[in-house]
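Basis for what follows: all heavy atoms, side chains included, without hydrogens, waters or symmetry-related copies. Counting convention: from 1, in listed order, for ligands and their atoms alike.
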Amino acid sequence: MRIINCHTYEAMSRKAADILAAQIQLKPNCVLGLATGTTPIGAYQGLIKKYESGSLDFSEVRTYNLDEYRGLTHEDPQSYHYFMNDQLFNHVNIDPANVHVPDGANTDADAACTDYDRMVAEAGYCDLQLLGIGRNGHIGFNEPADEFSKGTHCVDLTESTIEANSRLFEKEEDVPRQAYTMGTQTIMNARCILMVANGENKAQAVRDMCFGPIVPTCPASILQLHPNVFVVCDDAALSLCEGLY
Ligand code: F6R
């Protein structure tokens, strides 16, 4: 794992946008794995700026998002698909046919997950997978569990995740209780992983991910076994890792 301390959220976001842009420059038809959440918003803004300045072309880029709430259509403003359109896709020249998010509207969980796994596999898995981390060490919606997950599957969200995500909904009762998520094995199949984390409330999760035991109770700890991971953080997220890297 290569840990990069960018000190601030702004610098972390610039670094993440630069790494994503470099991937697109190196391979214009690359497969990007993308994440929602608050952390990558600054990186997405950086990518939009690069596109607007004429230095980045998304026309051949293919994307696969990590997760989606079960039961929400892509037009639902609370869906992750809507979030991605709003935060990135609507502002760059990506071909909508190249955008993939698990189909939350398909409530047949087995079909939705099998279809998504097939699509990611047919694309040859991700060249670069962008990840955020949950306070409990989750990646995608792979929550702490007794074993690591494999392919795309339907999960019951934990109370802590529902509570953390409720800030984006009017009421906590509105937060969906289930989601489809890429599994840990699918994430690990990416050739390169870019983890972004900021803020003090991620400090313990970042420490456990990078320096704790590799255990499914901290799903992100599996990334220690991946040969090509960049952990890009601000000071606060790395505050419990001082002297360790
Ligand atoms: C989102 C996702 C989640 C988030 C994580 C951190 O697609 O997969 O694992 O990355 O919950 O969320 P934020 O960035 O909002 O702190």
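The protein heavy-atom contact nearest to atom 11 (O) of ligand 1 is H138 NE2, 2.7 Å. For atom 1 (C) of ligand 1, the closest non-hydrogen atom of the protein is T36 OG1, 3.1 Å. Protein heavy atom at the shortest distance from atom 14 (O) of ligand 1 is T39 OG1, 2.4 Å. The nearest heavy-atom contact from the protein to atom 6 (C) of ligand 1 is I133 O, 3.3 Å.
Residue contact check: G140 has heavy atoms under 4.0 Å from atoms 2 (C), 3 (C), 8 (O), 9 (O) of ligand 1. Heavy-atom proximity to L66, at under 4.0 Å, picks out these atoms of ligand 1: 8 (O). In the vicinity of G132, heavy-atom distances shorter than 4.0 Å reach the ligand 1 atoms 10 (O). Taking every heavy atom of R167 and a limit of under 4.0 angstrom, the matching atoms of ligand 1 come to 15 (O). Of all the atoms in ligand 1, the ones that sit under 4.0 Å from a non-hydrogen atom of D67 are 1 (C), 2 (C), 7 (O), 8 (O). Heavy-atom contacts of K202 reach the following atoms of ligand 1: 6 (C), 13 (P), 16 (O) (cutoff under 4.0 Å).
Proximity of a side-chain donor or acceptor of S79 to a complementary backbone N or O of T73 within less than 3.5 Å is detected. Side-chain N or O atoms of T36 include none that pairs as donor or acceptor with a backbone N or O of Y80 at under 3.5 Å. Of the possible donor and acceptor atoms, one in the side chain of H100 sits under 3.5 Å from a partner among the backbone N and O of T63.
Residue contacts with ligand 1 for T181 are absent, since no atom lies close enough (heavy atoms, distance under 4.0 Å).
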query: D18 and K50: salt bridge (charged side-chain N to carboxylate O under 4.0 Å, His left out), yes or no, with the steps?
result: CA-CA 9 Å; D18 286 346; K50 288 175 194 290; 2.6 Å; yes

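V206 and L240 fall into different hydrophobic clusters, defined by Ile, Leu, Val, Met, Phe, Trp and Tyr side-chain heavy atoms under 4.5 Å apart, directly or through other members.
Side chains of R167 and T38: a donor-acceptor N/O pair is present below 3.5 angstrom, by distance only.
Here the shortest heavy-atom pairing between V61 and I24 reads CG2-CG2, 3.7 Å.
Considering only heavy atoms from C-beta on, M209 comes within 4.5 Å of L223 through its side chain.
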